[in-house]
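Structure record follows, encoded as structure tokens.
Computation of the quantities below employed the complete heavy-atom set of this structure, encompassing side-chain atoms and omitting hydrogens, waters and symmetry-equivalent molecules.
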Amino acid sequence: MDKKKIMLIYFSPTATTKTVLEAIAKGTGFDVDSYDITSSQARKQVPQKLDTSLIVFGAPVYSGRVPGVAADFFKQLSAPGIPAVPVVVYGNREYDDALLEMKDICVQCKCRPIAAGAFIGEHSFSTQSAPIAPDRPDSRDLQRAAEFGQTIAGRMAKMGSGRSDAEVSVPGNVPYRKPATPKGVPFIDVTDDCTACGTCAMVCPVDAIDENSGFCTLDDICIHCCACIKACPESARTMKDGPFKNVAAKLNQTCGNRKEPETFFADIQE
Ligand SMILES: Cc1cc2nc3c(=O)[nH]c(=O)nc-3n(C[C@H](O)[C@H](O)[C@H](O)COP(=O)(O)O)c2cc1C
């Protein structure tokens with residue numbers, strides 16, 4: 001029998017979601033294909049046929065939801081009957097309705113959500129002076145992710161070829177939480193340390209950085225992912241004083257208790 005294949009499809013501006021998905025894939029022992037939809041360029045092409053044994057859909061949690069740009073892309077996929085695993089990665093506050101939304105997206109793509117997971121990643125707003133879940137996912141998280149992958153592979157072997165209609169149940173509510181990230185609020189300061197190297201513009205998933213005006217951020221387009229802050233080789237980009245920095249300071253105070261990954265499985269109908 002051919003070796004099973006796993007396809008990772010993810011949006012991951014600061015790479016914690018990518019890291020978790022790769023650990024899950026390793027745990028399955030399947031051959032891995034990756035589709036990184038973080039850049040706007042990658043989201044321009046929607047694959048018509050997904051030739052794989054298993055799909056893992058991954059995204060960070062933004063305001064308790066799947067980020068709109070990722071959700072809009074995922075919803076265009078169609079993979080009838082293919083087992084799928086929705087995964088969200090959140091910054092140690094809460095994942096609210098994001099995992100349910102991700103599972104519902106899998107169903108909309110006609111996949112079969114057989115398992116689901118919520119993992120923890122360093123919060124995008126985390127800084128050295130106000131850390132929020134720093135250095136996560138850590139080795140314990142990645143071990144849990146690999147075990148999750150291993151369990152999924154074991155359950156798929158038991159499922160055999162017989163079609164199971166059992167779907168994983170996950171926490172969350174409909175209507176989903178209303179996203180609370182305001183557009184147009186000034187977000188990024190660029191200091192004189194900027195050397196105009198262009199890294200920030202390259203990593204921005206929504207092309208919100210204007211190369212022609214000092215690499216400043218276009219606040220109406222920015223989704224506040226912080227990829228540009230984390231990628232800047234000169235540390236020349238920081239969060240502006242204002243509402244987002246205040247949220248970051250509050251999260252630093254309130255999200256100190258370590259949360260652990262949660263995994264969910266559908267009943268197996270052999
Ligand atoms: C705009 C925005 C909103 C966020 N909202 C939440 C949230 O509601 N709950 C939470 O725990 N973390 C939240 N986070 C943190 C991210 O979910 C977390 O840092 C995640 O690991 C980032 O994934 P990535 O590294 O793949 O980009 C938010 C981050 C951003 C940028």
Side-chain angles (χ1 to χ4, degrees), residues 10-22 34-45 58-63 65-73 89-93 120-138 179-253 255:
Y10 56 84
F11 179 76
S12 186
T14 60
T16 59
T17 306
K18 175 180 192 275
T19 305
V20 168
L21 262 58
E22 286 174 349
S34 291
Y35 200 144
D36 180 350
I37 62 154
T38 309
S39 73
S40 64
Q41 196 59 31
R43 294 193 303 276
K44 281 190 183 130
Q45 279 179 357
V61 174
Y62 282 6
S63 295
R65 297 285 303 275
V66 176
V69 280
D72 290 348
F73 179 88
V89 178
Y90 69 105
N92 207 52
R93 185 191 68 76
I120 295 88
E122 174 163 326
H123 201 294
S124 322
F125 296 171
S126 177
T127 56
Q128 257 181 359
S129 56
I132 313 159
D135 302 324
R136 299 204 52 199
D138 58 16
T181 37
K183 285 272 180 203
V185 176
F187 182 52
I188 300 277
D189 267 333
V190 185
T191 69
D192 291 344
D193 291 336
C194 173
T195 60
C197 69
T199 304
C200 51
M202 218 163 61
V203 299
C204 177
V206 291
D207 304 329
I209 294 173
D210 188 356
E211 303 189 25
N212 300 318
S213 60
F215 292 88
C216 69
T217 294
L218 304 171
D219 291 312
D220 288 335
I221 300 174
C222 174
I223 57 167
H224 319 109
C225 71
C226 301
C228 64
I229 295 180
K230 308 230 169 186
C232 175
E234 309 300 333
S235 304
R237 301 181 78 85
T238 55
M239 219 183 269
K240 253 188 204 305
D241 286 341
F244 285 99
K245 206 165 177 179
N246 296 344
V247 168
K250 188 166 165 222
L251 293 173
N252 163 259
Q253 296 297 310
C255 299

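- If you take CD1 on I229 and OG on S126, they are separated by 11.0 Å, rounding to the nearest 0.5 Å.
- Inter-residue side-chain proximity for S34 and Y10 is flagged as met; some heavy-atom pair is nearer than 4.5 Å.
- Between T14 and C225, every side-chain heavy-atom pair lies at or beyond the 4.5 Å cut-off.
- Side-chain contact between F187 and C226 is present, with at least one heavy-atom pair separated by less than 4.5 Å.
- A donor-acceptor contact shorter than 3.5 Å links the side chain of N252 to the backbone of P131.
- No salt bridge links K183 with D220; every basic N to acidic carboxylate O contact stays at or beyond 4.0 Å.
- Shown here for T19 and P137, the closest heavy-atom pair between the two residues is CG2-CG, 4.1 Å.
- A distance-only check finds a donor-acceptor pair linking the side chain of S12 to the backbone of K18 [under 3.5 Å].
- Shortest non-hydrogen contact noted between A42 and D36 is CB-O, 3.2 Å.
- If you take CG on L251 and CZ on F125, they are separated by 7.5 Å, rounding to the nearest 0.5 Å.
- Between the CG atom in D241 and the OG1 atom in T238 there is a gap of 8.5 Å [rounded to 0.5 Å].
- Across every non-hydrogen atom of T38 and R43, the tightest pair is O-NH1, 2.7 Å.
- Checked against side-chain hydrogen bond (donor to acceptor under 3.5 Å, both in side chains), Q41 has the following partners two or more places apart in sequence or in another chain: K44.
- The distance from atom NE2 of H123 to atom OG1 of T16, rounded to the nearest 0.5 Å, is 10.5 Å.
- Between P205 and V69 the shortest side-chain heavy-atom distance does not fall below 4.5 Å.
- Nearest heavy-atom pair, A59 versus A70, reported as atom, atom and distance to 0.1 Å: CB-CB, 4.5 Å.
- In terms of heavy atoms, T17 sits closest to G58 at CG2-C, 3.6 Å.
- In this structure, the separation between NZ on K240 and CG on D219 is 7.5 Å, given to the nearest 0.5 Å.
- Of the options T217, T199, D189, a side chain to side chain contact (heavy atoms under 4.5 Å, CB included) to R237 is made by T217 and by none of the others.
- Atom OH of Y35 is separated from atom CD of Q45 by 5.5 Å, given to the nearest 0.5 angstrom.
- I221 places none of its side-chain heavy atoms less than 4.5 Å from the side chain of D207.
- In this structure, P13 and S124 have side chains that are not in contact, with every pair of non-hydrogen atoms separated by 4.5 Å or more.
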For side chain to side chain contact (heavy atoms under 4.5 Å, CB included), just list the numbers for I120 and Y90, CA-CA rounded to whole Å, side-chain angles, deciding distance to a tenth of an Å, and then say yes or no. CA-CA 5 Å; I120 295 88; Y90 69 105; 3.8 Å; yes
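- Smallest separation of non-hydrogen atoms from I209 and C228: CD1-CB, 3.7 Å.
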